[in-house]
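Read through the structure below, which is laid out as structure tokens, and then see the notes.
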There are 4 protein chains.
Amino acid sequence: MVIVMAPEATRQDVDAVVEVVAAAGGSAFVSRGVSRTIIGLVGDVAQFGTLDLAGMRGVADVMRITAPYKLVSRENHPDRTTVRVGGVPIGPDTVTLIAGPCAVETPDQTLQAALMAKAAGATLLRGGAYKPRTSPYAFQGLGVEGLRILTDVREQTGLPIVTEVVAADDVATVAEHADMLQIGTRNMQNFPLLQAVGAAGRPVMLKRGMSATIEEWLMAAEYIAQRGNLDIVLCERGIRTFETATRNTLDISAVPVVQRLSHLPVIVDPSHSGGRRDLVLPLTRAAVAVGADGVIIDVHPHPEQALCDGPQALVDGDLDALAGVMRDLPPLVGRTAAALTPA
Amino acid sequence: MVIVMAPEATRQDVDAVVEVVAAAGGSAFVSRGVSRTIIGLVGDVAQFGTLDLAGMRGVADVMRITAPYKLVSRENHPDRTTVRVGGVPIGPDTVTLIAGPCAVETPDQTLQAALMAKAAGATLLRGGAYKPRTSPYAFQGLGVEGLRILTDVREQTGLPIVTEVVAADDVATVAEHADMLQIGTRNMQNFPLLQAVGAAGRPVMLKRGMSATIEEWLMAAEYIAQRGNLDIVLCERGIRTFETATRNTLDISAVPVVQRLSHLPVIVDPSHSGGRRDLVLPLTRAAVAVGADGVIIDVHPHPEQALCDGPQALVDGDLDALAGVMRDLPPLVGRTAAALTPA
Amino acid sequence: MVIVMAPEATRQDVDAVVEVVAAAGGSAFVSRGVSRTIIGLVGDVAQFGTLDLAGMRGVADVMRITAPYKLVSRENHPDRTTVRVGGVPIGPDTVTLIAGPCAVETPDQTLQAALMAKAAGATLLRGGAYKPRTSPYAFQGLGVEGLRILTDVREQTGLPIVTEVVAADDVATVAEHADMLQIGTRNMQNFPLLQAVGAAGRPVMLKRGMSATIEEWLMAAEYIAQRGNLDIVLCERGIRTFETATRNTLDISAVPVVQRLSHLPVIVDPSHSGGRRDLVLPLTRAAVAVGADGVIIDVHPHPEQALCDGPQALVDGDLDALAGVMRDLPPLVGRTAAALTPA
Amino acid sequence: MVIVMAPEATRQDVDAVVEVVAAAGGSAFVSRGVSRTIIGLVGDVAQFGTLDLAGMRGVADVMRITAPYKLVSRENHPDRTTVRVGGVPIGPDTVTLIAGPCAVETPDQTLQAALMAKAAGATLLRGGAYKPRTSPYAFQGLGVEGLRILTDVREQTGLPIVTEVVAADDVATVAEHADMLQIGTRNMQNFPLLQAVGAAGRPVMLKRGMSATIEEWLMAAEYIAQRGNLDIVLCERGIRTFETATRNTLDISAVPVVQRLSHLPVIVDPSHSGGRRDLVLPLTRAAVAVGADGVIIDVHPHPEQALCDGPQALVDGDLDALAGVMRDLPPLVGRTAAALTPA
């Protein structure tokens with residue numbers, strides 16, 4: 001941490017800061033410039049954070065100079081991580097396609113969507129059994145019944161399952177059925193839930209909060225990591241901005257930025273960020289081209305009957321194009337499409 | 001709901017929309033203009049929402065024309081509501097000052113902060129026993145021990161207690177001790193938690209999500225109301241914008257906007273929105289002047305030692321000024337400062 | 001400026017930074033911490049800004065520690081400034097009401113609006129002769145004819161005139177007629193225009209760009225000041241955020257924040273920020289209560305016929321309430337309503 | 001336009017709206033639903049916009065249903081346009097690389113940068129002679145001298161020139177030297193400047209305002225088109241959001257969204273949106289993959305000495321990679337890299 005003193009700060013003001021830092025167990029190095037004095041702090045940043053340094057006499061500014069996360073930081077772990085979900089890799093050498101219906105509605109709809117996904121090259125199946133919905137009047141998911149449908153479809157297709165969990169109390173049940181637990185955008189800072197999935201012994205996909213900075217997103221991952229689980233895949237799904245032409249604004253730059261700050265894999269959700277079917281393929285191409293480690297896409301056999309997010313699901317005709325993207329683009333970024341491992 | 005057809009839409013396209021709506025149990029009224037056909041839908045909007053109307057041939061746009069919330073809407077409940085917390089009113093005739101420490105740390109610190117708050121005119125005590133923190137390395141609150149400190153201080157000062165709950169599993173315990181349950185900004189869309197406090201039999205203070213639209217905020221209140229609890233107080237606490245000079249941007253306009261859309265009381269948190277002590281008094285004056293039903297303010301006897309948000313807590317010298325604001329400003333907006341009711 | 005070196009930076013990396021800074025005429029002070037080395041720069045920041053310091057080997061971060069503006073900074077000019085417009089003060093001791101029609105349409109409409117404004121306590125008349133409009137098909141203002149109407153109305157009412165200028169070529173003409181030149185939100189970074197008004201010998205009202213940070217706003221003021229004109233009044237008029245319930249989000253906190261950073265007066269535009277008539281009075285009260293040095297408000301005798309922004313103009317019935325606010329609120333913040341000086 | 005009446009609106013309220021619309025020369029079609037009456041308007045939207053329809057008794061909402069731009073709209077011009085700049089196409093069949101130095105500093109620096117650009121596959125040269133700078137203390141460009149350097153380099157390399165113009169008074173001079181005029185992000189709503197370039201007889205590149213919605217951006221293009229110039233290329237360059245890890249947030253989705261709304265070509269600026277050299281190549285790949293009609297990139301022979309935006313300029317080592325992207329990616333989106341036409 002660096003403390004910048006105001007031009008009018010006195011020697012006593014500087015000494016007072018040094019003392020407070022020392023009392024908190026840290027060390028302070030004072031650099032006197034011509035018009036400004038700067039104090040560099042060494043020690044435990046979390047502890048300094050609780051001091052009211054900014055409120056002390058003569059202090060003009062307090063600036064943090066180290067990242068507040070550790071376990072997920074690339075600084076401490078230079079090699080990028082590959083997370084394996086039921087044997088399928090998500091990491092720096094591959095591009096993994098995760099696809100399936102937004103919500104599990106019926107066994108037949110789920111199976112059909114899974115077969116569409118697989119035909120397009122997907123090696124992981126997404127599908128929501130528990131749905132966090134903005135309106136209390138909207139379809140909230142089938143719950144445990146939905147989990148059972150997913151495991152049946154996994155048996156029929158061989159695709160490992162990614163599904164969302166929205167309450168700490170449900171984590172054990174979901175972890176029993178699913179291969180990967182998804183934390184949705186609205187729960188990115190639901191800290192008890194993060195701690196529960198951190199202890200659940202399953203890989204976790206952590207969606208970025210729709211108004212979370214990249215740093216806050218990595219701090220949320222740190223919560224999970226701190227419970228002993230480093231099998232975390234980050235998912236960029238669009239942020240909230242002033243633009244209303246798309247549901248959210250896909251922050252495509254976040255992919256290379258995060259890959260530099262953290263060793264964790266990063267994938268992109270082109271379906272929820274745009275909220276429009278016609279944007280899914282262009283944004284998928286952009287995601288693979290920018291270097292994402294995978295994409296997660298909504299498909300539905302009959303989107304006009306979908307109970308959730310039908311307007312953005314890919315339909316039959318789009319899937320050939322998606323398969324083409326998964327075939328042609330990964331080699332251009334030095335990767336292969338991730339394959340299902342033989343059972 | 002109104003469906004706007006594209007200029008090139010055919011009669012068949014229009015008929016197809018009408019049929020889909022009829023099949024979903026609604027009625028559709030077609031108005032043919034010179035260059036555009038418009039279709040008005042009558043029926044259950046929630047059901048139409050799941051149809052992929054925007055994806056149908058010839059449809060240019062789908063526009064919602066009624067608010068998606070009902071129980072909290074002023075349209076269905078024209079008189080503004082007064083919520084009573086341990087006898088203290090929060091509503092259209094009063095300005096209620098809620099104050100106290102951001103986090104409960106020790107019995108002594110909490111009592112001192114409560115006495116400071118009371119001297120400044122507060123009639124409700126705030127104080128966090130469970131703290132949602134961005135960093136897993138930051139102080140997370142005292143939990144049940146903190147609740148006990150709060151009830152002791154309530155006994156000593158007579159101030160009813162407002163405190164945050166961050167997990168559905170804790171709701172019963174917190175409701176046993178507190179007079180009002182607070183839902184923090186990060187949990188505004190934690191739907192299981194909203195449902196739990198909706199069933200807890202205590203008034204609820206619902207902070208606005210830092211990137212929530214006013215409509216989403218009212219939808220979150222609807223979740224609580226739907227479980228039978230209409231004793232909800234909304235709290236504007238700043239939204240996330242591009243400006244970094246303040247921690248968040250206080251959306252002062254939200255107060256009159258919400259008061260027009262909903263019958264629920266609305267208060268303002270000038271401490272967390274600005275994140276700076278020097279902004280608390282000016283923003284408190286603005287909040288009362290704009291017509292807020294109350295304010296919630298951090299005070300701390302020794303902010304430089306605070307374990308949480310010390311830089312924004314008011315200290316002794318500020319409290320006289322705060323007391324002056326609570327005395328002079330409410331009459332100018334046709335209100336009185338809310339009083340503690342005799343036990 | 002402070003340069004934070006990466007943990008893996010070598011002594012050579014540090015030396016290279018020191019050399020580059022020295023070559024640019026600055027001095028560098030190196031502080032070696034346990035895990036980090038920090039380099040403090042002394043000298044001309046503008047010059048350092050052109051160096052690619054962030055791109056040098058071993059550099060983790062470059063942080064600015066001094067404000068990039070000087071002439072408008074409070075650091076260099078601790079006393080807050082009072083700007084006088086045709087004798088009417090805008091500054092720390094007063095609250096100045098500026099009111100009038102958004103656009104000058106006819107002599108009669110302008111005179112009526114001016115009389116309404118004066119009755120409500122306004123001592124400066126606003127009115128647009130040149131209108132920057134988002135659509136090329138919208139009314140663009142009367143131009144010079146509008147200026148003549150304004151000067152006639154000034155003669156009839158005694159109210160000095162504030163009017164917008166949108167092109168550097170018009171500055172001389174507008175300055176000939178008006179008492180204060182207004183720079184609109186879309187032109188806040190129109191640098192040739194800023195330089196032109198800086199040289200025009202008239203007070204300037206500089207509206208905040210709708211997506212400008214406070215720092216960028218003060219830098220824009222610095223452009224004007226640099227041409228020798230320090231009679232600048234800043235005007236907060238709402239910023240662009242994700243919230244769509246109001247046209248823009250009034251950043252009420254900007255008022256005290258700017259008053260701390262700059263000696264220039266700051267006023268608020270409650271009409272354009274909200275874009276709704278029912279918000280004007282509450283936001284005016286908030287602006288005065290937060291400590292603004294004035295407000296600027298749209299009034300129109302017949303808003304339903306207005307050629308511009310009719311939906312937000314105050315009408316007759318509202319003006320008594322506005323007069324009441326101007327009478328009752330300023331004393332509570334230690335000010336008086338600014339008066340017209342006797343001719 | 002569609003007017004939604006409030007549930008409590010009376011027949012008289014509806015009649016009053018119909019009369020006002022008729023008086024303004026439009027027609028109104030009334031659809032009475034069970035709980036709501038909707039009025040569809042037919043006629044000149046610009047004229048209705050000046051009516052205070054939203055302020056009339058019984059009106060709940062006023063919704064626009066047609067785009068406010070016409071000349072640039074794809075609705076009126078279904079085939080996508082190819083703009084030719086000195087013979088080089090920018091349009092749906094090609095991907096055009098525009099590259100060069102952010103600012104023209106010296107003849108040698110400009111020539112070297114142009115040769116670097118050409119080697120990487122660029123067929124148009126960018127370079128700023130007039131620079132809009134946030135700080136009045138920053139380098140403001142060489143002006144006419146810079147234009148002369150550019151024309152010399154054009155002669156030496158054969159690359160047509162794209163350069164920015166910041167003041168209406170400079171348009172004629174810049175148009176005399178340059179092959180394409182660039183309007184920067186800060187001037188997107190500088191309407192006199194838009195009108196001047198609309199009349200200058202040169203293709204125009206219109207950068208998106210950093211806080212402009214897509215609709216406002218297209219309205220700005222409409223200003224240019226309205227003066228008779230339809231040779232407009234739109235350039236997405238990042239928007240302002242809460243995220244600070246990148247200078248701006250590249251809105252990659254804007255490319256397909258705009259291509260659906262407008263017939264004009266759309267290119268991407270990966271240098272200014274990210275503001276970081278390490279993001280330029282990934283974002284360039286994303287731009288081409290998403291379907292952009294071109295990219296514009298900063299290159300500099302010695303970025304550590306650049307007078308402007310050095311930290312984001314590509315250097316020698318990066319250019320091979322850029323050349324590879326221009327060779328391999330366009331075929332995957334059914335395009336070819338745009339070529340220089342033989343003189």
Side-chain angles (χ1 to χ4, degrees), chain A residues 67 208-218 236 238-261 268 270 273-292 321 324-325 327-334, chain D residues 67 208-218 236 238-261 268 270 273-292 321 324-325 327-334:
Chain A
R208 181 179 183 181
M210 75 182 77
S211 71
T213 62
I214 288 172
E215 185 172 299
E216 289 166 340
W217 189 16
L218 293 175
E236 160 64 33
I239 58 174
R240 181 153 274 183
T241 70
F242 61 81
E243 177 59 69
T244 56
T246 44
R247 185 154 66 175
N248 289 116
T249 298
L250 181 65
D251 183 6
I252 195 85
S253 316
V255 174
V257 168
V258 166
Q259 287 174 342
R260 202 159 245 256
L261 295 172
V268 167
S273 50
R276 287 168 43 170
R277 182 174 306 133
D278 64 318
L279 298 180
V280 175
L281 279 171
L283 294 181
T284 298
R285 290 196 308 262
V288 177
V290 91
V325 170
R327 185 186 58 231
D328 297 337
L329 263 179
L332 286 189
V333 286
Chain D
R208 181 178 181 181
M210 75 181 75
S211 71
T213 61
I214 288 173
E215 185 172 298
E216 289 166 342
W217 188 16
L218 293 175
E236 160 65 33
I239 58 174
R240 181 153 274 183
T241 69
F242 62 82
E243 178 58 70
T244 56
T246 44
R247 184 154 67 176
N248 288 116
T249 298
L250 181 65
D251 183 6
I252 195 85
S253 317
V255 175
V257 168
V258 167
Q259 287 173 342
R260 202 160 246 255
L261 295 172
V268 166
S273 50
R276 288 166 46 169
R277 182 175 305 131
D278 64 319
L279 298 182
V280 175
L281 279 171
L283 294 181
T284 299
R285 291 196 307 262
V288 178
V290 90
V325 170
R327 184 186 60 231
D328 297 337
L329 263 179
L332 285 189
V333 285

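Between Pro256(D) and Pro282(A), the shortest heavy-atom distance links the atoms CG-CB, 4.1 Å. When every heavy atom of Val257(D) is checked against every heavy atom of Arg276(A), the shortest pair comes out as CG2-NH1, 3.9 Å. What you find for Arg285(A) and Val290(D) is that their closest heavy atoms are NH2-O, 3.6 Å. Across all their heavy atoms, Phe242(D) and Thr213(A) have their closest contact at CE1-N, 3.8 Å.
Neither the backbone nor the side chain of Ala287(D) has a heavy atom closer than 4.5 Å to any heavy atom of chain A. The parts of Leu329(A) that come within reach of chain D are both its backbone and its side chain, each placing non-hydrogen atoms under 4.5 angstrom from that chain. The part of Val333(A) that comes within reach of chain D is its side chain, from C-beta onward, which places non-hydrogen atoms under 4.5 angstrom from that chain. No part of Thr244(A) comes within reach of chain D, as not one of its non-hydrogen atoms sits under 4.5 angstrom from that chain. Residue Thr241(A) touches chain D through its side chain alone, counting heavy-atom pairs closer than 4.5 Å. Proximity to chain A is absent for every atom of Leu261(D), based on heavy atoms less than 4.5 angstrom apart. Of the atoms belonging to Leu279(D), it is side-chain heavy atoms, and not backbone ones, that fall under 4.5 Å from chain A.
Arg240(D) and Glu243(A) are not joined by a salt bridge, as no carboxylate oxygen comes within less than 4.0 angstrom of a charged side-chain nitrogen.
Of the listed residues (Pro270(A), Gly324(A), Ala212(A), Ala245(A)), the greatest number of heavy-atom pairs within a distance under 4.5 Å of chain D belongs to Ala212(A). Note on Glu215(A), Glu216(A), Arg208(A): by heavy-atom pairs under 4.5 Å with chain D, the leading option is Arg208(A). The candidate from Leu332(D), Leu281(D), Asp251(D) with the greatest count of non-hydrogen atom pairs under 4.5 Å with chain A is Leu332(D). For chain A, the option among Val288(D), Asp278(D), Val325(D), Thr284(D) with the highest count of heavy-atom pairs below 4.5 Å is Asp278(D).
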(request) Decide side-chain contact (heavy atoms from CB on, under 4.5 Å) for Ser253(D) and Thr249(A); before the verdict, give the C-alpha distance in whole Å, the side-chain angles of both, and the deciding distance to 0.1 Å. (result) CA-CA 7 Å; Ser253(D) 317; Thr249(A) 298; 5.8 Å; no
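How far CG of Asp328(A) is from CG of Asp328(D): 12.0 Å, rounded to the nearest 0.5 Å. Here the OG-CD1 distance, from Ser273(A) to Ile252(D), works out to 11.5 Å after rounding to the nearest 0.5 Å.
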